[in-house]
Amino acid sequence: MTTAAHLSGQPARKAADLLKAYLGLTKPRVIELLLVTTIPAMLLAVRGIPSPFLVLATLVGGTMAAGSANALNCVVDSDIDQVMKRTRARPLVRHTVSNRHALIFGVALGAGSFLVLWAATNLLAGVLAVATILFYVFIYTMVLKRRTAQNIVWGGAAGCMPVVIGWAGVTGRIDWPALVMFGVVFFWTPPHTWSLAMKYKDDYERAGVPMLPVVASPTAVSRQIVLFTWLMVLWTLLLVPATGWLYTAFALVAGAWFIVLAHRLHAATKRGVPTKPMRLFHMSNTYLMIVFVALAVDSALSLPVLGWPW
């Protein structure tokens, strides 16, 4: 009885494990962050609440696009994932899914994302999603990541695209606020990623990936983090003319908080005392969420727009 029950439960467990493995290829935690930026962009585009169907379709299509890019990234990076402690649990490293099946899965998700966005929103959103996938896989993963310490600066542009796709999904065009939101995420990416890379420097070095902490001194890295943090905070203020007081207040307070932590990390690094870069890494996620949630609430409430000062 026990043996029969055990055997009968094996197919269900295998199916669940396989489903979990395919889900792991999409890197759900990364996708969550992308969705946090997409919804506020759509709310700001209409300065209110767009059609729930349109929001849902954009999120589904965007999720499929991000999942496609991440799955294909896992295929290309399967060799370095095997030697990095942080990535040894990924499905391709554990051979839960074959590289061939992961490739098919990634391509299918990408094609599906284009069809969903084209059918439910507009052609521009679908084309932007495909362009993002291609950029992330062929430009960042296959070229920049293994060749330059500026990999995440330029390659991180792929992670900025959800705000543009969300805006285009609502309006059918790309306007200046979408480009400003793109810039916020663009300048946010280096401090976010480099603080993580400071923690896992040995991992990246062992894998032959020239992340900035691998090829530059800790002080040089923390100085760059401070520089991009200031650029990011100042860039968030460019959205003030298109938003209300609520967004402006949260952007200023959260930005000041981020700047203080970045300077503290740099000061400790210069003194040569032990640092905790992961504190800045986790805080950066919180910061981005605060800024974009404030943007979403400000837009959903249709608060009076501050406008240009002239």
Side-chain angles (χ1 to χ4, degrees), residues 30-47 58-59 62 66 125 128-129 132 135-136 140 150 152-171 173-196 224-263 280-300 303 305-308:
V30 175
I31 293 177
E32 288 175 8
L33 195 60
L34 300 180
L35 298 182
V36 165
T37 62
T38 302
I39 296 175
M42 299 182 75
L43 296 177
L44 179 61
V46 298
R47 199 62 191 155
T58 304
L59 292 182
L128 288 173
T132 301
F135 179 87
Y136 186 72
Y140 170 66
Q150 296 299 307
I152 200 62
V153 176
W154 304 110
C160 309
M161 286 303 294
V163 296
V164 182
I165 294 172
W167 186 281
V170 174
T171 66
R173 61 182 186 273
I174 300 174
D175 299 305
W176 72 265
L179 299 179
V180 174
M181 287 183 285
F182 178 99
V184 171
V185 183
F186 181 83
F187 290 123
W188 168 86
T189 302
H192 171 75
T193 307
W194 286 335
S195 56
L196 176 71
Q224 287 294 307
I225 287 176
V226 169
L227 172 63
F228 275 90
T229 296
W230 273 98
L231 289 172
M232 173 192 67
V233 173
L234 292 175
W235 201 267
T236 63
L237 301 182
L238 294 180
L239 275 179
V240 170
T243 58
W245 66 266
L246 191 148
Y247 167 79
T248 303
F250 275 91
L252 287 171
V253 173
W257 178 34
F258 202 135
I259 287 172
V260 168
L261 289 185
H263 276 280
L280 185 68
F281 171 78
H282 292 301
M283 182 269 166
S284 66
N285 288 327
T286 304
Y287 166 82
L288 196 68
M289 182 184 69
I290 290 173
V291 170
F292 276 89
V293 168
L295 178 61
V297 174
D298 191 291
S299 301
L303 295 177
V305 174
L306 296 180
W308 299 98

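One finds the CG atom of L43 at 11.0 Å from the CH2 atom of W167 (value rounded to the nearest 0.5 Å). With rounding to the nearest 0.5 Å, the separation of CD in Q224 from OG1 in T229 is 10.5 Å. One distance of note links CD1 of I290 with CG of N285; it measures 11.0 Å at 0.5 Å rounding. Once rounded to the nearest 0.5 Å, the distance linking OG1 of T248 with CH2 of W245 reads 10.0 Å. To the nearest 0.5 Å, atom CE of residue M161 and atom OG1 of residue T37 are 11.0 Å apart. In this structure, S195 OG and F281 CZ are separated by 6.5 Å, a value rounded to the nearest 0.5 Å.
Looking only at side-chain heavy atoms (C-beta outward), F250 and V291 stay at 4.5 Å or farther from each other. Counting only heavy atoms from C-beta outward, the side chains of V46 and M42 never approach each other to under 4.5 Å. Side-chain atoms of Y247 and T236, non-hydrogen and from C-beta on, do get closer than 4.5 Å to each other. Within the 4.5 Å cutoff, no side-chain heavy atoms of T132 are placed close to those of F135. Looking at heavy atoms from C-beta onward, L303 lies out of side-chain contact with V297 at the 4.5 angstrom threshold. Residues F258 and L280 form a side-chain contact, since some pair of their non-hydrogen atoms from C-beta on lies under 4.5 Å apart. With a 4.5 Å cut-off on side-chain heavy atoms, I174 and L128 count as touching.
In this structure, W154 and F186 have tilted ring planes: the angle between them lies in the 30° to 60° band.
Atom CH2 of W257 has more than 12 neighbouring heavy atoms from other residues, nucleotides or ligands inside a 6.0 Å radius.
Smallest separation of non-hydrogen atoms from L44 and P177: CD2-CB, 4.2 Å. The heavy-atom pair separating F182 from V163 by the smallest distance is N-CG2, 3.6 Å. Residues P241 and V305 come closest through the heavy atom pair O-CG1, 2.9 Å. Taking both residues in full, the closest heavy atoms of P162 and T38 are given as CB-OG1, 3.3 Å, listed atom of the first, atom of the second, then distance. Here the closest heavy-atom approach between residue M232 and residue V184 is recorded as CG-O, 3.9 Å. Of all non-hydrogen atoms in V164 and A178, the two that sit nearest each other are CG2-O, 4.1 Å.
Looking only at distances, no side-chain donor or acceptor of D298 sits under 3.5 Å from a matching main-chain atom of T243.
The stretch residues 183-193 participates, sequence neighbours left out, in these side-chain hydrogen bond (donor to acceptor under 3.5 Å, both in side chains) pairs: H192-S284.
In this structure, F228 has its ring center under 6.0 Å from that of W194.
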